[in-house]
Amino acid sequence: MINNTTPLSRSFEIHFRVIGALLMREVITRYGRHNIGFLWLFVEPMMFTLGVTALWTLAGAAHGSSLPIAAFALTGYSSVLLWRNMPGRCSGAIEPNLSLMYHRHVKVIDIFISRILLEVAGTTASFIILGIIFTAVGLIEPPEDILKIMLAWFMLSWFGAALALLVGGLSERTEIIEKLWHPTSYLLFPLSGAAFMVNWLPVTAQKFILYLPMVHGVELLREGYFGSLVHAHYDMAYMATANLCLMLLGLSQVRVVSRTVTPE
Amino acid sequence: MIQLTNVVKRYPIRGGQATILDHINLQIASGEKVGILGRNGAGKSTLIRLISGAERPTSGTIIRDMSVSWPLAFGGAFQGSLTGLDNLRFICRIYGTSTEDKIPFVQEFSELGKYLSEPVKTYSSGMRARLAFAISMVVEFDCFLIDEIIAVGDARFHEKCQYELFEKRKDRAMIVVSHDPGFIREHCQHASVLVKGKLTSFNDMDEAFAYYNAHSMEIA
């Protein structure tokens, strides 16, 4: 194996540089310099959330509760975007960047991290901007507990990033993963807690649905938003453990892939 | 110094593994110019990629005690959807050097004019090679890895490349990969020959060429 005598601080410096360069490269190829350019980064998820909010509002109080529906849709769908888009963007992420891997500083993990950062930034900006707009026009009330929202958002981002590393790493080893991820993410959406509160479910179903880590995050997000209006079910220790396991699995796959990757 | 010790590279192929490089040993001192001869498919580009660090060996060690360039070749090292200028910016960013002051040189040297602002995938192979060479002269290295890149372009461009690389940077180490003995003889002090995954080094150029010619019909 290659002798690694580079000091850690120097390694970090190189990683930061490379991730910065990759971020610029992603922004340019994904959004270009035409029309609104990189603003698409958060306009795109905003359009999704707006559409879903409009649909759910039109469909009426189909969720069978007295919760304000716009706030319910904003918290629910934004969290879906958070854990669904990161793995989607990391799946097959190496191939379009293979030629850049001629430069030894560009590592597999840098490509994944840059895509994850971009996705988190876009979804977070969309969530905040829509929250401010909705509150300003009086569509929703301001949230009850911002700190809880921040913690929930962080946990959901961590979950999405860990899943992204796993899906991204595995997708380089076999193309089946890319094909499986689409139906999986589609089927997970109705189960993710975006469109319901765990408390509305029968007790037996609650037990099973709480095996899904992101449900805990969405519940905490809703508690932070609606406070005493909802009875949330979550266990952050469980979610953190699940995230940690996913992340270790993901990193191990990234490591396997980075040993075998061949520049174009 | 660059030191390769017992470097092996295998690739998975249908029904097993292909050994491309089989216990390679090579040492390059600072300022030394080494040519590596081998016919098409002998594993020259793989060897260069391993030395550059873009790929990892299956086993063996590679020690790099000086800064080493990426493999200067026709293809690779560029992202096709990015423009020539954005590729220049990307490379300057990852190697930690300033960009804007490099643009005039790249513009002049590559002779790409307004095409510098077009995506690289729309370039012809000649345009790509000019851009590749111009950008690779922007970042300074102690050792340049040259994978046949000079063999492209018209005579005038050829001359410019010769001057930039072999005149202005003649104090640097270079590893030149080629199947053209004439080119190696002109620019290198020693030569090694890659046959069937084995690398044999010669101090004397004529011996290297004799060995290369004797084995040039053997399949890698």
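Just so we're on the same page: letters track the sequence lines, and every chain starts at 1.
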Of A:Asp110, A:Val261, A:Ile19, A:Thr29, the largest count of non-hydrogen pairs under 4.5 angstrom with chain B goes to A:Thr29

Counting neighbours of NZ on B:Lys168 that are heavy atoms of other residues, nucleotides or ligands and sit closer than 6.0 Å, is the number greater than 12? yes

Under the rule for ring-ring contact (aromatic ring centres under 6.0 Å, His included), what residues qualify as partners of B:His187, not counting sequence neighbours? B:Phe166, B:Phe183

Let me confirm one number: the OG-CG distance from A:Ser99 to B:Leu82, rounded to the nearest 0.5 Å. 8.5 Å

With a 4.5 angstrom heavy-atom cut-off, could you sort out which part of B:Thr5 is near chain A: side chain, backbone, both or neither? neither

In terms of heavy-atom contacts, does CE of B:Met66 have more than 12 from other residues, nucleotides or ligands at under 6.0 Å? yes

At their closest point, which heavy atom of B:Ile94 faces which heavy atom of A:His105, and how far apart are they? O-CD2, 3.9 Å

Please classify the contact between A:Val18 and chain B as side chain, backbone, both or neither, with a heavy-atom cut-off of under 4.5 Å. both

What are the two closest heavy atoms between B:Ala77 and A:Tyr102, and how far apart are they? N-CD1, 3.3 Å

With a 6.0 Å cut-off (strictly less than), is the heavy-atom count around CD of B:Glu108, excluding the residue itself, greater than 12? no

Side chain from CB out, backbone as N, CA, C, O: work out which of these in B:Tyr95 comes under 4.5 Å of a heavy atom of chain A, or both, or neither. both

A:Arg104 side chain vs B:Val68 backbone, donor-acceptor pair below 3.5 Å: yes

Apply side-chain contact (heavy atoms from CB on, under 4.5 Å) to the pair B:Ser81 and A:Arg25, showing each step before the final yes or no. CA-CA 9 Å; B:Ser81 308; A:Arg25 165 250 176 283; 6.0 Å; no

Taking all atoms of both residues into account, what is the closest heavy-atom pair of B:Phe78 and A:Leu100, and its distance? C-CD2, 4.1 Å

Hey, which of A:Arg17, A:Met101, A:Lys107, A:Met24 has the most heavy atom pairs under 4.5 Å with chain B? A:Arg17

Between B:Pro119, B:Pro12, B:Ser52, which shows the greatest number of heavy-atom pairs under 4.5 Å with chain A? B:Ser52

Atom CD of residue position B:Glu118 - does it have more than 12 heavy atoms of other residues, nucleotides or ligands inside 6.0 Å? yes

Check this for me: B:Ile13, atom CD1, are more than 12 non-hydrogen atoms of other residues, nucleotides or ligands nearer than 6.0 Å? yes

Does the side-chain contact (heavy atoms from CB on, under 4.5 Å) test come out yes or no for A:Thr262 and B:Arg49, once each step is laid out? CA-CA 9 Å; A:Thr262 310; B:Arg49 284 204 301 265; 3.7 Å; yes

Using modelled atom types only, decide if a donor and an acceptor are shared between the side chain of B:Gln79 and the backbone of A:Pro96 within a distance under 3.5 Å. yes

Mark yes when over 12 heavy atoms from residues, nucleotides or ligands other than A:Phe38 sit less than 6.0 Å from its CZ; otherwise mark no. no

A quick test of your reading: do over 12 heavy atoms of other residues, nucleotides or ligands sit less than 6.0 Å from CZ of A:Phe189? yes

Top residue by heavy-atom pair count (under 4.5 Å) with chain B, among A:Leu98, A:Leu22, A:Thr260? A:Leu22

More than 12 heavy atoms from other groups under 6.0 Å of CE on A:Met150: no

